Every structure is written in structure tokens, then in C-alpha cells.
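First comes the structure, then the notes that go with it.
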Amino acid sequence: MTCLVTGGAGYIGSHIVASLQAHGYAAVVVDDLSSGVITRIPGISLLEADISDEASIDAMTQFMRENQVTAVIHTAALKSVPESVADPLSYYRVNIGGTVNLIESMKRAGVTNFVFSSTAAVYGMAKGEVTEDSPTMPINPYGETKLASEDLLRALNEVGQVRAASLRYFNVAGTATDALADNFATNLIPQVLRRIVDGQSPKVFGTDYETKDGSCERDYIHVADLADAHILALTAIEKAGSQWAFDVFNVGTGTAYSVIEVVERAIAASGASVELEVDARRPGDPARIVANPAKIRSVLGWRHSHDLDDMVNSAWSGMKALNA
Ligand SMILES: NC(=O)c1ccc[n+]([C@@H]2O[C@H](COP(=O)([O-])OP(=O)(O)OC[C@H]3O[C@@H](n4cnc5c(N)ncnc54)[C@H](O)[C@@H]3O)[C@@H](O)[C@H]2O)c1
């Protein structure tokens, strides 16, 4: 069986490609290489195309037919919250328009099975423990485009046009190998490590929250564990066949780590002699957000196998390699 991974040259997509191969699937990739890195997917067949461009529909249809694609894992997207606020049109064009084009080409190529990269950002300002039944109220265009894509997939699933599952990722971190490391310092762990590499003190924004040490608490998930969740979702869809009903799953560990814990472990991993720096709270940061992963555990049988040290240590190794 061959799975098409859109955004397969990206940080998460390339881990999914590796996980697919480890589970006996063949993988092919569509990516415009806007943030993806081709060396992450050696030997993998690549269609270099912008999914938001209507001209890509024919190219993707043909690529799926040629490679006898049986399923799609859709990770290609723009993912920066502040950028989405500054440039909503690009986010709607790529994240929704791109998804529409992709599904149109799947329809033409006769492919129905679909796993979607969603995000905890669909929950907006959720606080505390988040289940899949928590209200979805995104507070920025990025989260809105992911939620709208889920709505589209639900509607298409209801009429049998796709069989889709959406995975709502919490804070993704770490790397399986140095070559697949995250090259963008947008998430906390790479941001902290970047500051350490640059000889600056990592910052903690607010230490007066009602949490165990006063800093914000979040749920971190190792990218290799996250990648495996896609394979489980895909095999569940394949097993259910036409009986599959659209479903959403949180992907997090259910454990909250504080920003201070993360920063201290990052400093320890690096061996650098820097101190953390405390800054004022940032507006809009909820004190604690943690996934309730009960559903993905019971329905898909998913378990995480990496802890925070694995995430921080592998991310540090990857960052050193990137800067070597
Ligand atoms: N990294 C996180 O913490 C996180 C958290 C929640 C959800 N997500 C979602 O996971 C997915 C992957 O994120 P990532 O961290 O690997 O990001 P990434 O930027 O490393 O990967 C995205 C990939 O998509 C490709 N791409 C972007 N626009 C494209 C387009 N128009 N046409 C074709 N290819 C395009 C990029 O070149 C890149 O290879 C995204 O959908 C993102 O919203 C990520």
C-alpha cells in the first residue's frame, strides 16, 4: 500500500514518511519545499507542487495514479499563528484552498482514506484538561483554517467521499534523527535551544500563574510518537472501510510540563552556563493546557514512548547538527 504524504519534506511529514516505511507502507510526497527540506526524504518519490495552485490538481491526480496511492496523510500547511493574523488570506488559500484541491485530486484518482494534521489551536483559549468534546473556538486564522478543514472532512465523510480522521496535535517536539530535526524556532523547545546556541538566556514569560512552579504548563509530544499515531489512524480507517465515520483525536501525553521545567532541562542538555530569565506574562497565555489522550488510547490503541528528556535531548542534538 502506498501513502501520499503532503508536506512530507517537513518536520512532521518526514517523520510520518519514516514511520510509514517502518510499518510496511510505501510513501510518496507532494511538497513545494517552501519550508520542507528535500534531504529529509532520500529515495522518496517527490512531486514538487504548491497544493494551493489549481494547476496542481491535475499533477496530483496523475501522481496518485502513477504511484497507485491508496491513502493520503495531509500535513502540508502554513502553521505560524502570528503570521496567520498578519496574512489571513495566505492561510485560507493554502490551508483550506490547498485541502480542497487535494481532495479534488483524490476524488479524480479514486482515493478516499485520509488522515489530517490538525492542532490543539482549534480549542482556542481552552484551559486545563482538554478532551475532544471541549468547545472548539479558535482565536486566530491558523486555528480557524484547521477547524474549517475538519468541518469539510466531516461533511465529505458523511456522503462517503472521503474516510477521514483528524489528529489534533499538542506541542510537538524532539526528533527521531538529526537529519529530521525541526528547523524553525517557533515552538518553545527549539526557541529555548536557539537562545542557548546564540549565548542568550532562555526566557520564561510569567512565573505568577496558578501552577506548580508559577510558569505555564503545556503537554509536549515527541514527533516520533506523533508520527506513529498517523499509522494507527490510517490502519483503523482501512479496517473499518465504508463503515468509518469521521473522527477527531487529541495527540498528547496527558502530562503537563512547566516552562521552567522545559528550560531547565534544555540548559542541562546543552551543558551551557546560562541562567533562565524571567519576563512579564504574555497576554493570552492560558496557565495550563493538557491533552486528555483517553480517546486515542482506547480507540486507536496509541501509547507514547518518549518523555520530555527524549524530546529535549534529541532536539538539542538536531540543533547542534543544523548549526555544525
Ligand atoms: N509543529 C507543530 O508543533 C504543529 C502543531 C500542531 C499542528 N501542526 C501541523 O502539522 C503540519 C506539519 O507541520 P510541521 O511542523 O511539520 O511544519 P513544516 O513547515 O516543517 O512542514 C510543512 C510542509 O508543508 C510544505 N508546504 C507548505 N505549504 C505548501 C503548499 N502550499 N504546497 C505544498 N507543500 C507545502 C512545506 O514545504 C513543508 O515541507 C501542519 O499542518 C501544521 O499545521 C504542527
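In each ligand, atom 1 is the first atom listed, and ligand 1 is the first ligand listed. Predicted model only: the values in this text are computed from it and were never measured.
- Legend: residues meeting side-chain hydrogen bond (donor to acceptor under 3.5 Å, both in side chains) with Asn67, ordered by chain and number and at least two apart, are absent.
- For ligand 1, the protein residues within 4.0 angstrom (heavy atoms only) are Gly7, Ala9, Gly10, Tyr11, Ile12, Asp31, Asp32, Leu33, Ser34, Ser35, Gly36, Ala49, Asp50, Ile51, Thr75, Ala76, Ala77, Lys79, Val94, Ser117, Ser118, Thr119, Tyr142, Lys146, Tyr169, Phe170, Val172, Asn187.
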Show your reasoning for whether ring-ring contact (aromatic ring centres under 6.0 Å, His included) applies to His304 and Tyr220.
-> CA-CA 11 Å; His304 70 277; Tyr220 296 88; over 10 Å; no
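- If you chain together hydrophobic residues whose side chains sit under 4.5 Å apart, Val28 and Met1 never meet in one group.
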Let me see the working for Val192 and Leu276 under side-chain contact (heavy atoms from CB on, under 4.5 Å), right down to the final yes or no.
-> CA-CA 10 Å; Val192 166; Leu276 64 81; over 6 Å; no
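- Inspection of the Ser56 and Asp50 side chains reveals no N or O donor paired with an N or O acceptor under 3.5 Å.
- Residue-environment remark: NZ (Lys212) exceeds the threshold of 12 foreign heavy atoms within 6.0 Å.
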